[in-house]
J.: 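Supplied in structure tokens, the structure appears directly below.
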Number of protein chains: 2
Amino acid sequence: MEPGERAPSVTIRDVARAAQVSPATVSRVMNRRSTVDVELARRVQQAAASLGYHPSVVAQGLARGRTELVSILVPDLGNPMFQSVLRGISRAAGVEGYRVLVTDSHEMPLEEPFLAQETRLRTDGLVLCSPRSHDQELLELAGKLEPFVLVNRHVEGLLAPMVAVDYAAGIRALVAHLAGLGHRHVAYLSGPMASVSNQERLDTLHASAEGRFELTVLECGSMHEDGYEAADRALGTGATAIIGYNDLVALGALGKFHAIGVSVPDEVSVVGFDDIAFARYASPMLTTVAVPQEALGEEAWQRLSAVLRGEEPPADVCFTPRLEVRQSTARVPR
Amino acid sequence: MEPGERAPSVTIRDVARAAQVSPATVSRVMNRRSTVDVELARRVQQAAASLGYHPSVVAQGLARGRTELVSILVPDLGNPMFQSVLRGISRAAGVEGYRVLVTDSHEMPLEEPFLAQETRLRTDGLVLCSPRSHDQELLELAGKLEPFVLVNRHVEGLLAPMVAVDYAAGIRALVAHLAGLGHRHVAYLSGPMASVSNQERLDTLHASAEGRFELTVLECGSMHEDGYEAADRALGTGATAIIGYNDLVALGALGKFHAIGVSVPDEVSVVGFDDIAFARYASPMLTTVAVPQEALGEEAWQRLSAVLRGEEPPADVCFTPRLEVRQSTARVPR
DNA sequence: TTGTATGCGTTATCAC
DNA sequence: GTGATAACGCATACAA
């Protein structure tokens with residue numbers, strides 16, 4: 001065989017010939033369809049085995065009209081939050097024989113619509129995770145993306161199933177916790193501007209901080225580095241407590257404080273968001289708002305799966321995150 | 001349309017009819033093939049646009065004999081090391097228009113051969129990452145998996161391209177570092193028994209510890225929890241330095257020591273392996289052996305890509321990891 | 001129960 | 001340059 005040449009794969013016809021039956025019968029045996037004479041079935045099995053036959057998934061996909069593949073698009077594969085969602089979907093889908101095709105938009109909102117369509121065309125359905133696009137854009141795109149489900153985002157008027165998190169509730173719990181500890185000046189390390197959940201956290205923060213403490217917002221980002229870099233700026237504002245956009249940012253801040261000899265939580269309190277696995281193993285253990293990440297993925301799959309079966313998907317769900325008080329928060333220093 | 005019914009997708013024929021040309025011409029236009037009369041091309045473009053036509057990727061796959069999809073199989077999607085490799089592949093492949101289908105074997109070595117074959121059949125090629133199977137099994141499987149490349153594993157006699165890491169060199173650097181700090185009793189938190197790289201680390205450890213320090217090996221695992229759980233056991237052996245199977249384990253141990261008030265590195269030194277992003281932001285910053293994770297993925301893609309093009313792949317590569325001395329190691333306490 | 005024939009949506013070969 | 005037509009490999013309605 002020349003390099004680049006097509007490998008001569010063994011087809012259903014080859015098996016049929018070897019077993020002296022029709023291709024249809026081979027197909028029936030391979031798919032455990034209807035009742036095939038046991039003797040014929042045996043011959044087919046044997047022929048298939050000895051020829052090393054495997055049905056072409058692509059041909060099956062074309063003939064059946066489905067690939068048993070679903071796509072997931074995430075803003076950043078490097079973020080443990082999305083990795084967990086991916087895991088949840090991958091695991092749940094795997095049980096039903098579906099595989100997952102993953103695409104990373106690398107936090108480039110403008111690429112999102114194209115990538116979403118592109119990857120969607122390759123599979124039976126799509127999970128759109130924390131899309132950074134505007135509501136309007138998603139509404140226009142929806143028709144081309146169906147069937148799909150939305151994770152970590154709510155869009156009014158969209159008929160796609162949604163799996164969301166009540167970030168506002170999480171923020172309120174956080175605010176109550178910090179206010180209860182006596183903090184009167186809090187800094188928020190803001191995430192990507194395109195992140196809708198960042199916007200939601202910001203709005204809720206402003207609203208619920210009112211009358212409880214002064215709030216300073218600092219542009220930051222979504223990665224370790226961003227938190228590390230922003231930590232002393234935050235401290236410079238006079239804040240006694242710092243809320244990270246997510247755990248990555250909070251952990252980055254923790255790292256910086258440790259590096260410059262600022263004690264947490266004695267001199268400053270730090271909290272995160274998501275409760276990624278590392279939050280629990282940080283020093284000090286990070287107080288954070290726990291989002292059920294793998295569950296998000298599982299619920300997303302349940303809905304996509306239902307739609308793929310032509311059934312009515314379960315109702316939209318909105319998880320209420322749980323405040324996980326650990327060691328990175330304490331009473332305000334006096 | 002009834003639920004479950006097939007969506008009536010617009011086909012190449014619909015476009016041909018609308019543009020009053022043959023399907024062949026439409027195909028030529030869509031693929032920018034040969035020279036098509038500019039007027040006809042315009043009509044086709046327009047018809048395609050107004051009908052919202054997108055070529056069926058599945059049908060293209062069948063006709064062209066390739067899907068522009070590759071698979072990656074990893075032992076644990078929850079491990080940042082594999083996530084980084086996945087990212088590296090995903091990014092590199094994406095540039096050439098290839099998408100990545102990811103499968104997680106959930107550290108179940110027995111499932112691996114089946115999953116590898118299954119996922120391979122769905123795509124044009126496979127990246128086998130840190131397979132837990134025995135050499136013999138891989139050798140027997142090889143024929144069914146081609147084309148594929150091996151990451152983080154070397155198998156004698158296998159003609160598949162390989163991208164590996166010289167773990168022995170990493171361990172030797174670690175041993176020299178710890179011995180130089182005066183440590184005379186070291187504990188190794190051992191990873192999954194099925195992990196070949198764990199075995200390699202273990203062997204090298206035994207060999208190079210000889211005459212420098214006493215070595216105690218404790219069964220542990222590959223996750224945070226495992227390290228957290230094993231940390232005080234390790235301390236109980238009288239070891240003054242602890243080597244984790246990977247950063248996750250080391251970070252878990254760090255967490256435990258912080259929880260029980262054991263100071264790192266004053267009372268005990270801790271080192272990891274891989275240099276995941278979190279290692280740098282831990283408190284104290286984790287001394288570890290840096291493995292170029294995304295580069296592994298990129299190199300893997302380069303080789304798979306070459307084979308897919310029918311070219312000779314680049315020679316096997318073996319990265320020498322770099323010792324990253326940070327703050328979790330210090331002179332032995334006296 | 002089993003085989004025949006057709007369709008799935010493209011690409012590619014070959015005449016025109 | 002352009003259009004029939006035959007693969008591509010399988011599933012399935014229908015006939016036997």
Side-chain angles (χ1 to χ4, degrees), chain A residues 4-45 47-48 51-69 97 118 120-124, chain B residues 1 4-45 47-48 51-69 97 120-124:
Chain A
E5 191 183 328
R6 219 152 139 158
S9 59
V10 22
T11 79
I12 200 172
R13 269 181 264 254
D14 300 324
V15 178
R17 201 173 310 125
Q20 311 198 55
V21 298
S22 77
T25 295
V26 177
S27 173
R28 285 192 266 261
V29 173
M30 299 307 289
N31 296 297
R32 296 164 176 63
R33 271 297 203 300
S34 67
T35 70
V36 176
D37 182 274
V38 59
E39 163 60 10
L40 283 194
R42 204 189 51 72
R43 276 191 355 229
V44 170
Q45 303 270 22
L51 290 176
Y53 169 72
H54 291 284
S56 153
V57 182
V58 178
Q60 285 181 323
L62 184 57
R64 291 180 174 147
R66 67 192 149 79
T67 61
E68 304 210 311
L69 235 46
E118 203 279 336
R120 164 64 185 84
L121 285 175
R122 293 174 181 262
T123 66
D124 298 342
Chain B
M1 194 178 84
E5 192 185 327
R6 222 153 141 155
S9 59
V10 23
T11 79
I12 200 172
R13 270 181 260 253
D14 300 324
V15 178
R17 200 174 308 125
Q20 313 199 53
V21 298
S22 74
T25 296
V26 177
S27 173
R28 284 191 267 261
V29 173
M30 298 306 290
N31 297 296
R32 297 168 176 62
R33 271 299 203 302
S34 68
T35 70
V36 176
D37 182 274
V38 61
E39 162 62 11
L40 284 194
R42 203 190 50 72
R43 283 205 333 243
V44 170
Q45 304 270 22
L51 290 176
Y53 168 72
H54 291 284
S56 154
V57 183
V58 179
Q60 286 182 323
L62 183 57
R64 297 208 258 242
R66 68 194 148 78
T67 61
E68 304 211 310
L69 236 46
R120 166 63 185 84
L121 285 174
R122 292 174 181 262
T123 66
D124 299 343

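No experiment lies behind these values; they were computed from the predicted model shown. Any value given below was found using the heavy atoms of this structure, including those in side chains, with hydrogens, waters and symmetry copies removed.
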J.: Considering only dC10(D), dT10(C), dT2(D), which nucleotide approaches the side chain of T25(B) most closely?
T.: dT2(D)

J.: Of all the choices, dT4(C), dG3(D), dG9(D), which nucleotide is nearest to the side chain of T11(A) once you look at every atom?
T.: dG9(D)

J.: Between dG3(C), dG9(C), dG3(D), which nucleotide gets closest to the side-chain atoms of S22(B)?
T.: dG3(D)

J.: On a plain distance test, is the side chain of R64(B) in donor-acceptor contact with the base of dG9(C) below 3.5 Å?
T.: no

J.: What is the distance, rounded to the nearest whole Å, between atom CD1 of I12(A) and atom C1' of dC8(D)?
T.: 13 Å

J.: Tell me every residue that passes side-chain contact (heavy atoms from CB on, under 4.5 Å) with D37(A), counting only those two or more places apart in sequence or in another chain.
T.: E39(A), L40(A)

J.: Please list, chain by chain and in numerical order, all residues satisfying salt bridge (charged side-chain N to carboxylate O under 4.0 Å, His left out) with E118(A), sequence neighbours excluded.
T.: R122(A), R99(B)

J.: Closest approach to the side chain of L62(B), judged atom by atom: which nucleotide of dG7(C), dG9(C), dG3(C) is it?
T.: dG9(C)

J.: Using atom CD of Q60(A) as one end and atom P of dG7(C) as the other, report the distance to the nearest whole Å.
T.: 21 Å

J.: Starting at atom CZ of R17(B), determine the distance to atom C1' of dT2(D), rounded to an integer number of angstrom.
T.: 18 Å

J.: Please determine whether the number of non-hydrogen atoms from other residues, nucleotides or ligands lying under 6.0 Å from atom CZ of R42(B) exceeds 12.
T.: yes

J.: At under 4.0 Å between heavy atoms, what does R33(A) touch on the DNA or RNA strands: base, sugar-phosphate, or nothing?
T.: sugar-phosphate

J.: Just how far, in rounded Å, is P of dC10(D) from CG of N31(A)?
T.: 11 Å

J.: Distance check needed: dA12(C) P versus R28(B) CZ, whole Å only.
T.: 11 Å

J.: Starting from the 5' end of DNA chain D, give me the residue, P23(A) or R13(A), whose nearest nucleotide shows up first.
T.: R13(A)

J.: How would you label the contact of T35(A) with the nucleic acid (heavy atoms, under 4.0 Å): base, sugar-phosphate, or nothing?
T.: sugar-phosphate

J.: Can you check the R43(A) CZ to dT1(C) P distance for me, whole Å?
T.: 16 Å

J.: For the pair made of CE in M30(A) and C1' in dG9(D), what is the distance, rounded to whole Å?
T.: 13 Å

J.: Looking at every strand, decide which applies to V21(B) at a 4.0 Å heavy-atom threshold: base, sugar-phosphate, or nothing.
T.: sugar-phosphate

J.: Whole angstroms only, please: what is the CG-C1' distance between D14(B) and dT10(C)?
T.: 13 Å

J.: Answer with base, sugar-phosphate or nothing: what part of the nucleic acid does V26(A) contact at a heavy-atom distance below 4.0 Å?
T.: nothing

J.: Determine to 10° how strongly the helix from dT1(C)-dA16(D) to dC16(C)-dG1(D) is bent, judged from the axes of its five-pair ends.
T.: 40°

J.: Testing T123(B), L69(B), V58(B) for side chain to side chain contact (heavy atoms under 4.5 Å, CB included) with L69(A), which one passes?
T.: L69(B)

J.: When you get a sec, tell me which of dT2(C), dC10(D), dT11(C) is the closest nucleotide to the side chain of P55(A)?
T.: dC10(D)

J.: Which nucleotide sits closest to the side chain of D37(A): dG9(C), dT1(C), dA11(D)?
T.: dT1(C)

